[in-house]
Amino acid sequence: LLNDGNSMMVTVLVFLAGFFWVTDAPVSFVLVMAVALVGIRYAAPLTGAYALAVVAAAAWLSTEGHGPVAALPEPHRRALAFGVFTLTLLGTGLTIALSRRERDVTIGRLRESEHAAEVLADDLRAGVRLVDPVGR
């Protein structure tokens, strides 16, 4: 799995590729992967902040005339594209971060239940040893 530095490097490379080098190819969708990597490792607030920072950088570059959204002819199409882009990044990142959190809570509860079952089994085994063969 990629580490924090690699997530940032992926983000920067996608910005360079999608907004400067290959502006006619919509490679900016790869930014979803970078946000997903952040969502896998961090909590929802940080993931949301990262996604919004990516969207803000993309918006700034687009207003400066760089990237695939800047090439769209009508302002309403540019606005729609950014709305979908923003929802996709936030939705993906937050869904992953919140799902990971829910998974961690569920695993913790499962471990607690398993421990309680082991304690109960030990208590039952100890109770069986206390009763002699005649039942006294």
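For reference, positions follow the sequence shown, starting with 1. Source: prediction; values computed, not measured.
- Under the salt bridge (charged side-chain N to carboxylate O under 4.0 Å, His left out) criterion, no residue pair touches residues 106-119, with sequence neighbours excluded.
- Contacts classified as salt bridge (charged side-chain N to carboxylate O under 4.0 Å, His left out) and involving residues 8-21 (residues at least two apart or in different chains) are not found.
- Both Val32 and Val12 sit in one connected hydrophobic cluster of ILVMFWY residues. Membership requires side-chain heavy atoms under 4.5 Å apart, directly or through other members.
- Criterion: ILVMFWY side-chain heavy atoms under 4.5 Å apart, direct or through other members. Under it, Met33 and Val54 are part of a common hydrophobic cluster.
- Every pair passing ring pair (Phe, Tyr, Trp, His ring centres under 6.0 Å) that includes a residue from residues 80-105 is listed here, sequence neighbours excluded: Phe82-Phe85.
- Hydrophobic clustering (ILVMFWY, side-chain heavy atoms < 4.5 Å, transitive): Leu61 and Leu31 are in one cluster.
- Leu98 belongs to no hydrophobic cluster, as no Ile, Leu, Val, Met, Phe, Trp or Tyr side chain comes under 4.5 Å of its own.
- For Ile96, the side-chain contact (heavy atoms from CB on, under 4.5 Å) partners at least two apart in sequence or on another chain are Ala36, Ile40, Thr92.
- Using a 4.5 Å cut-off between side-chain heavy atoms of Ile, Leu, Val, Met, Phe, Trp and Tyr, with links allowed through other members, Trp60 and Val69 fall into the same hydrophobic cluster.
- In plain terms, the two heavy atoms of Ala43 and Ala97 that are nearest each other are C-CB, 4.0 Å.
- Heavy-atom minimum distance, Ser62 versus Ala70: O-CB, 3.4 Å.
- Nearest heavy-atom pair across Gly48 and Leu90 is O-CD2, 3.7 Å.
- Going from atom CZ of Arg101 over to atom OG1 of Thr106 covers 10.5 Å, rounded to the nearest 0.5 Å.
- Of all heavy-atom pairs spanning Leu72 and Ala81, the tightest one is CD1-CB, 3.8 Å.
- A pairwise comparison of heavy atoms in Val38 and Thr47 identifies O-OG1, 3.6 Å as the closest pair.
- In this structure, the side-chain contact (heavy atoms from CB on, under 4.5 Å) partners of Ser99, at least two apart in sequence or on a different chain, are Thr95.
- Among residues at least two apart or in separate chains, side chain to side chain donor-acceptor pair (under 3.5 Å) pairs with a member in residues 71-84 are Glu74-Arg77.
- Residues forming a salt bridge (charged side-chain N to carboxylate O under 4.0 Å, His left out) with Arg100 (at least two apart in sequence, or on another chain): Asp104.
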